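The structure displayed is predicted, hence computed values, not measured ones. Heavy atoms only: backbone and side chains are in, while hydrogens, waters and symmetry mates are out.
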Amino acid sequence: QIRLVESGGGSVQSGGSLRLSCAASGYTLSRNCLAWLRQAPGKDSEGIAAIAEATNAGYVDFVNGRFTIYLDNASNTLNLQMNSLKPEDTAMYYCAAATTLAADSGNTCLRLKGKYNLWGQGTQVTVSS
């Protein structure tokens with residue numbers, strides 16, 4: 001069975017850090033587009049970070065410099081290191097893979113939200129002021 005399982009969410013104060021992990025089973029995270037998306041209450045989901053070719057990362061402006069997406073090939077895990085968290089980062093965070101799509105840049109993968117066909121169940125991040 002192909003699954004993505006997120007972990008690492010929680011509650012932190014503004015300025016704190018969290019690392020989210022997404023463990024894959026039945027599927028090897030590698031050349032396809034991989035991404036972290038989030039959905040705040042009452043809002044649409046939005047892609048915030050993506051990676052292509054296992055190392056080429058792209059970010060939306062409001063997380064660039066604060067969040068880092070990276071792939072651990074040894075453990076087949078996609079990670080998101082989040083620093084300098086803000087209350088507006090509060091959301092449910094999902095990892096996703098576009099299992100039939102490869103791209104040459106993380107920024108391209110970010111624009112392809114509709115192509116992600118494999119999603120985890122989500123992990124909640126809450127940032128208090």
Check: Is the closest side-chain heavy-atom distance between L37 and I48 below 4.5 Å?
Finding: no
Next item on the list: Any salt bridge (charged side-chain N to carboxylate O under 4.0 Å, His left out) involving residues 114-126? Give me the pairs, sequence neighbours left out, ordered by first then second residue.
Entry: none
Notebook entry, point to check: How is the hydrophobic cluster of L112 composed, in terms of its other members, when Ile, Leu, Val, Met, Phe, Trp and Tyr link through side-chain heavy atoms under 4.5 Å apart, directly or indirectly?
Noted result: L101
Notebook entry, point to check: When rounded to the nearest 0.5 angstrom, what is the spacing between CG in L34 and CG in L80?
Noted result: 12.5 Å
Checklist line | Residues in side-chain hydrogen bond (donor to acceptor under 3.5 Å, both in side chains) contact with E46, at least two apart in sequence or another chain | finding: R38
Margin query: Enumerate the disulfide bond (SG atoms under 2.5 Å apart) contacts for residues 56-93, please, sequence neighbours excluded, ordered by first and then second residue.
Written below: none
Note to self: Contact between W36 and E6 at the side-chain level, heavy atoms closer than 4.5 Å - yes or no?
What the structure shows: yes
Item checked: Expected output: side-chain Q39 to main-chain A91 donor-acceptor under 3.5 Å -> no
Notebook entry, point to check: Hey, quick one: are F62 and V125 part of the same hydrophobic cluster, counting side-chain heavy atoms closer than 4.5 Å, chains of contacts allowed?
Noted result: yes
Note to self: By the disulfide bond (SG atoms under 2.5 Å apart) test, which pairs, at least two apart or in different chains, include something from residues 24-58?
What the structure shows: C33-C109
Item checked: For N76, side-chain hydrogen bond (donor to acceptor under 3.5 Å, both in side chains) partners two or more places apart -> none
Margin query: Distance check, rounded to the nearest 0.5 Å: C95 atom SG versus Q121 atom CD?
Written below: 7.5 Å
Notebook entry, point to check: According to a 4.5 Å side-chain heavy-atom criterion applied to Ile, Leu, Val, Met, Phe, Trp and Tyr, with indirect links allowed, do V63 and Y94 form part of one hydrophobic cluster?
Noted result: no
Notebook entry, point to check: Any idea how F67 and Y93 line up, ring-wise: parallel (<30°), tilted (30 to 60°), or perpendicular (>60°)?
Noted result: tilted
Check: Where do L71 and T77 come nearest, in terms of heavy atoms and distance?
Finding: CD1-O, 3.5 Å
Item checked: Listed partners of Y116 passing side-chain hydrogen bond (donor to acceptor under 3.5 Å, both in side chains), at least two apart -> none
Donor-acceptor contacts, no H, no angles, side chain residues 11-29, under 3.5 Å, sequence neighbours left out:
unit_1: S17; atom_1: OG; unit_2: N83; atom_2: OD1; d: 2.9
unit_1: S21; atom_1: OG; unit_2: N79; atom_2: OD1; d: 2.8
unit_1: Y27; atom_1: OH; unit_2: N32; atom_2: OD1; d: 2.8

Next item on the list: State, without any angle test, whether N117 and T99 hold a side-chain donor-acceptor pair at a distance under 3.5 Å.
Entry: yes
Note to self: Would you compute the distance between atom CG of N56 and atom OG1 of T108 and round it to the nearest 0.5 angstrom?
What the structure shows: 8.0 Å
Check: Which heavy atom in A57 sits nearest to a heavy atom in I69, and how many Å separate them?
Finding: CB-CG2, 3.6 Å
Margin query: Rounded to the nearest 0.5 Å, what separates atom OH in Y70 from atom CD in Q81?
Written below: 6.0 Å
Check: Residues in side chain to side chain contact (heavy atoms under 4.5 Å, CB included) with L110, at least two apart?
Finding: A50, V60, N107
Margin query: I need the full list of side-chain hydrogen bond (donor to acceptor under 3.5 Å, both in side chains) pairs touching residues 58-69, with sequence neighbours left out, sorted by first then second residue.
Written below: R66-D89
Note to self: Restricting to side-chain hydrogen bond (donor to acceptor under 3.5 Å, both in side chains), what partner residues turn up for K113, sequence neighbours left out?
What the structure shows: S45
Margin query: Once salt bridge (charged side-chain N to carboxylate O under 4.0 Å, His left out) is applied, do any residues pair with E53, and if so which ones, sequence neighbours excluded?
Written below: R31
